[in-house]
Every structure is written in structure tokens, then in C-alpha cells.
Q: 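Submitted below is the structure of interest, expressed as C-alpha cells.
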Amino acid sequence: MENPPVNYKAAFAKAVDTVRDEGRYRIFRDIRRKAGAFPRATWFKDDNTEKDITVWCSNDYLGMGQNPCVVEAVKSAVDAAGTGSGGTRNISGTTRYHVQLEKELAGLHGKDAALVLTSGYVANEATLGVMSKILPGLVILSDEMNHASMISGIQRAQKAGVCEKKIFKHNDLNDLEDKLKSIPADQPKLIAFESVYSMDADIAPIEEICDLADKYGALTYIDEVHAVGMYGAHGGGVAEERGLMDRIDIIQGTLAKAYGMVGGYIAADAVIIDAVRSMASGFIFTTSIPPSTAAGALRSVKVLKQTPEKREQHQERANALKARLRAGGYDFIDGETHIVPLMVRDPLKCQAISDRLIEDFGIYAQPINYPTVPRGTERLRFTPSPFHSDVMLEELMGALDVVWAEFGLTREKVA
């Protein structure tokens, strides 16, 4: 008897059903942001009706994706150079806009050079992934809470050459030092970590990590994607804010969050940039970001360098939301960053609350479930911007009061 053919469609359907049953099926909201009215948007519902909403979960942290100066820079570049870049960076895809942007980013971080890639994910994956080719026998020490793109890059490094990975406990300096001690002094080492951890709203002990790197002869690699544009005198990130940029060997950032565009980059010593540029397949074999995107990012970086008040307004709004949640007895991570995770701790309730908020209150807050966060720590992740008004904050708190009671979620008693 012949074996029946593989039912491929059933296998895919089963995989999706499993995700649904676990309460972590992701719903993509069909929205269109309203230019000049950030964070207002229009939600296009499945029944073909429309609803005005307020977005509370955007990574366009400062609304720069709708900043008139940035929009004009993009339009002007399209008029001057057209749309696409025309190829990879080594085959006609390097434009004047890319060169200017890299120079600006290098200056932002006090480095010799910078390299722009197609996304922050690609920047991490490509850069970390090529390190074992450049440094045979490399040991990469990775914080256990590092982003998936960093993990992917380290896995690529392990496949590409002789490379060992050691995971240290999150922000645990003792555990990091114990692992550094176990590595021979003459073996190359790289410590990979983030500045702002976007799901738990905490910040790495950057100076102490740099001290350990100096003590044990390790390179440092920091992911500042949730900090560039928002921290430091010029928006250079937490490392700039703490006067530590010169102690970090490779700084990785994104153009897709505070700068309101798309793309990623690294900034470092010129020889490091040259080596990554020459050897990283994630850079070599992909079409570069469009010139208009590079032009918009360039303008955004320049604007945020010169407007520290935007960073001050951003922090004030984040603190205002935290104060209201604190006063209301809500279970949230009261961290030192602009990110405000409101804990639900149940995947089905998390999605249902998100549905209720957008459907009945016009408030968009996307649920964060496994595998982005550990099971049992499901949450709504709020990212207030300078444009979230007191009126919007009142609307949010009123909606949360209703929904929290409806779903039987506990709150601390506040005197």
C-alpha cells in the first residue's frame, strides 16, 4: 500500500490552531495614521467600517514619522532622485543620501564611521553574524534578555566560524564576570547587550559592563535601538547620556523608532566598519534603503540633535502615565524608561482586553504575548509620546478602569 501524500495545508493549519489555542495568535490591526494628527489614526475594521482611534503602542516614539521637516525631506528626495536606490550598496545602491546619513550617525555617536543597513534586525544579525569570521575562536557573552535579532546574529556567528556563546543572567554583573573569568585571556571575547530592554523597561549597567570588558579584554557591543533619539544631549542614547560612548566598541541603532523612518546601523572605529562592510552578507547582498528614506532619516537625526525639549516632553508624558497607573493601583513595571508595560498575565485576557479597548473606546494597545515575553507575563505595552495629551490620558485611564473591572483583574488598594 502506498503512503498517502503529505497534507501540507493541514500541517500549516494545525500550527496556526496551536497558536490560537495558546492565546498568542497575533491580530494585525489595519490602520492608517493621520498626518499631522499623531497619535490619531483610522482603523479599518473587518466589516468594512472605519473607526477613529488613538494609538498608544507605536514605536514612533517622538512622532517624527509625521514631523513636517522629515516629510518634506522625503518628498524632496523623491523629486530629486526617484524612489528605489537601484541596487545593493556595492552595485549602484550607494547614494549621496546614504553617505551623508552615515557621516551624521558617526558624529552622533562620536565614532569614526557608521554603516546603514536595511533594518535594526539586519544590523544586529549581519554584524554579530560576521564576528567569528573576523575573530576566529570568538566567545560571545550575551545577556539572556537580548533581542531575537541579536540571538539570530550570534547563531549565525556560530555557524560561520569557530565561535562559542555564553549567556549571562539579565543585567547580572557577577554572573558576567564569572563567565569572563572562565575564558583564557588570549581568547577573543565580545559582550553583547542592550541599553534599554523594551519589554521590561529597564536599563543595563553600561559603565560596569565596560569596566568588566576592560578588565578581561573584551569588545563591547550595545543595542541602543530603544534609546537613540530619546536619551542623551543629542539623542545618542543611554551611552551618551552617561558619558560612555567612547567606551563602547560597536553601537547599534535603528532609524525606525525615534527617528520615524526605517533602517538600522552600526557606528564604530573605521576599521571595524570596513570589516563588517566587506564581509557581512546581510549588508552585501541586499538592496539598500531608498534615497528618500535615507534623506528623511538624515533630517530626523539632525532635528533631534538640536531639540532636547522633545526628549524632555517625552519623559514627562511617560512619567504622567506611570503616576496615574501608580495612583490607580495597577500592576505595571514601574521602570526608569519611557516604556510602560501594564501586566495582564494571561494571554487570552490580554488579547480580549486589547479587543475591547479598540472596539469600544478607540484605544489601540497591542497585546504582548509569548514568545516575545515569557508565558505568564503577558502585558499591554504603552509608549506615550510628547503628543499624547492630558485629554487622551484621561480617556485611557477611564477605559482601563472599566475594562479591568470587567475582566476581574486585581488592583492594589490606594489610600
Side-chain angles (χ1 to χ4, degrees), residues 59-62 64 104-111 114 120 123-124 127-128 141-147 149-150 168 170-173 176 190-214 218-260 264-268 300-301 304-319 322 333-341 381 383-386:
N59 281 349
D60 186 357
Y61 292 129
L62 303 178
M64 293 301 288
E104 190 72 24
L105 291 169
L108 173 67
H109 294 292
K111 300 298 184 185
N124 271 334
T127 305
L128 289 169
L141 300 104
S142 175
D143 188 290
E144 67 178 341
M145 297 300 290
N146 277 343
H147 189 264
S149 58
M150 300 177 78
F168 62 93
H170 180 52
N171 286 345
D172 190 322
L173 296 169
L176 174 57
L190 183 147
I191 305 171
F193 62 105
E194 301 180 38
S195 59
V196 173
Y197 287 86
S198 65
M199 291 302 148
D200 292 321
D202 56 345
I203 294 176
I206 302 174
E207 183 172 13
E208 291 83 355
I209 290 175
C210 290
D211 290 342
L212 290 176
D214 291 344
L219 290 172
T220 47
Y221 182 103
I222 191 170
D223 177 318
E224 288 254 43
V225 298
H226 292 279
V228 291
M230 295 171 288
Y231 295 83
H234 305 94
V238 179
E240 184 194 24
E241 182 179 67
R242 299 184 177 181
L244 299 168
M245 288 194 298
D246 62 322
R247 299 190 64 188
I248 303 292
D249 294 295
I250 303 173
I251 297 174
Q252 183 266 344
T254 186
L255 306 170
K257 293 181 170 60
Y259 294 121
Y265 67 89
I266 57 170
S300 189
V301 173
L304 288 181
K305 273 186 175 181
Q306 301 165 358
T307 52
E309 61 271 18
K310 287 187 180 293
R311 288 182 279 282
E312 295 167 3
Q313 293 164 1
H314 186 221
Q315 291 295 324
E316 186 278 326
R317 290 287 80 189
N319 289 333
K322 292 177 197 176
I333 298 177
D334 196 354
E336 55 184 323
T337 75
H338 60 283
I339 297 165
V340 187
R381 177 179 174 274
T383 53
S385 76

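Just so you know, residue 1 is the first one in the sequence shown, and it goes up from there.
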Q: Treating His234 as the side-chain partner and Gly236 as the backbone partner, does any N or O pair qualify as donor plus acceptor under 3.5 Å?
A: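 No, the answer is negative, given that no donor and acceptor are paired below the 3.5 Å cut-off.
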Q: Under the 3.5 angstrom rule, does the side chain of Gln252 hit a backbone N or O of Gly120 as a donor-acceptor pair?
A: yes
Q: Please evaluate residues Tyr231 and Glu224 with respect to the criterion side chain to side chain contact (heavy atoms under 4.5 Å, CB included), reporting the C-alpha separation (whole Å), side-chain torsions for both, the decisive distance (0.1 Å), and the verdict.
A: CA-CA 10 Å; Tyr231 295 83; Glu224 288 254 43; over 6 Å; no
Q: For the atom pair CE (Met64) and OG1 (Thr307), what is the distance rounded to the nearest 0.5 Å?
A: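 Met64 CE to Thr307 OG1: 6.5 Å, rounded to 0.5 Å.
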Q: About how many Å separate CG of Asp214 and CD1 of Ile209, when rounded to the nearest 0.5 Å?
A: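 Answer rounded to 0.5 Å: 12.0 Å.
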Q: Is Lys111 reaching over with its side chain to a backbone N or O of Ile250, donor-acceptor style, under 3.5 angstrom?
A: no
Q: Any sub-3.5 Å donor-acceptor pair from Thr220's side-chain atoms to Arg247's backbone N or O?
A: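 Yes, the answer is positive, given that a donor and an acceptor are paired below the 3.5 Å cut-off.
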Q: Mark yes or no for whether Arg311, through its side chain, and Ala233, through its backbone, hold a donor-acceptor pair below 3.5 Å.
A: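 Side chain of Arg311 to backbone of Ala233: a pair is present.
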Q: Output yes when a side-chain donor or acceptor of Lys322 lies under 3.5 Å from a complementary backbone atom of Gly335, and no otherwise.
A: yes
Q: What pair of heavy atoms forms the shortest contact from Leu128 to Ala192, and how long is it?
A: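 Residues Leu128 and Ala192, closest heavy atoms: CD2-CB, 4.5 Å.
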Q: Tell me whether Asn124 contacts the main-chain N or O of Asp223 through its side chain, where contact means a donor paired with an acceptor under 3.5 Å.
A: no
Q: Please walk me through it: do Ile191 and Tyr221 pass side chain to side chain contact (heavy atoms under 4.5 Å, CB included)?
A: CA-CA 6 Å; Ile191 305 171; Tyr221 182 103; over 6 Å; no
Q: Hydrogens and angles aside, do His226 and Glu194 bring a side-chain donor and acceptor to less than 3.5 Å of each other?
A: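 No pair is found: no donor N or O on one side chain lies under 3.5 Å from an acceptor on the other.
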Q: How many angstroms lie between atom CD1 of Ile339 and atom CD1 of Ile333, to the nearest 0.5 angstrom?
A: 10.0 Å
Q: Does the side chain of Leu62 reach to within under 4.5 Å of the side chain of Pro386, using non-hydrogen atoms?
A: yes
Q: Looking only at side-chain N and O atoms, does Asp202 offer a donor or acceptor that is under 3.5 Å from a partner on His170?
A: yes
Q: Short question: side chain of Asp172, backbone of Leu176 - any donor-acceptor pair under 3.5 Å?
A: no
Q: Compare every heavy atom of Ser195 with every heavy atom of Ile206, then report the nearest pair and how far apart it is.
A: CD1-CB, 4.1 Å
Q: On a heavy-atom basis, which atom in Asn171 and which in Pro205 lie closest, and how many Å separate them?
A: OD1-CD, 3.5 Å
Q: Apply side chain to side chain contact (heavy atoms under 4.5 Å, CB included) to Glu240 and His109, showing your working.
A: CA-CA 7 Å; Glu240 184 194 24; His109 294 292; over 6 Å; no
Q: Does a side-chain heavy-atom distance below 4.5 Å link Glu241 with Ile203?
A: no
Q: Show the nearest heavy-atom pair for residues Gly235 and Tyr259, with the distance to one decimal.
A: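 Closest heavy-atom pair between Gly235 and Tyr259: O-OH, 3.4 Å.
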Q: Which heavy atom of Met145 sits nearest to which heavy atom of Asp200, and what is that distance?
A: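 In terms of heavy atoms, the two residues are closest at CE-OD2, 3.3 Å.
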Q: Looking at every non-hydrogen atom in both residues, tell me the closest pair between Ala258 and Ser300 and how far apart they are.
A: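 Scanning both residues completely, I find the closest heavy atoms to be O-OG, 4.4 Å.
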Q: Which residues satisfy the side-chain contact (heavy atoms from CB on, under 4.5 Å) test with Arg317, sequence neighbours excluded?
A: Ala320, Pro384, Asp390
Q: Start with the C-alpha gap between Ser198 and Arg381, add the side-chain angles, then the distance that decides, and say whether side chain to side chain contact (heavy atoms under 4.5 Å, CB included) holds.
A: CA-CA 9 Å; Ser198 65; Arg381 177 179 174 274; 3.8 Å; yes
Q: Hey, does the side chain of Glu208 reach the backbone of Leu173 with a donor-acceptor pair shorter than 3.5 angstrom?
A: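 Not confirmed, Glu208 side chain does not pair with Leu173 backbone.
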Q: Without swapping roles, check the side chain of Glu207 against the backbone of Leu244 for a donor-acceptor pair under 3.5 Å.
A: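 No, the answer is negative, given that no donor and acceptor are paired below the 3.5 Å cut-off.
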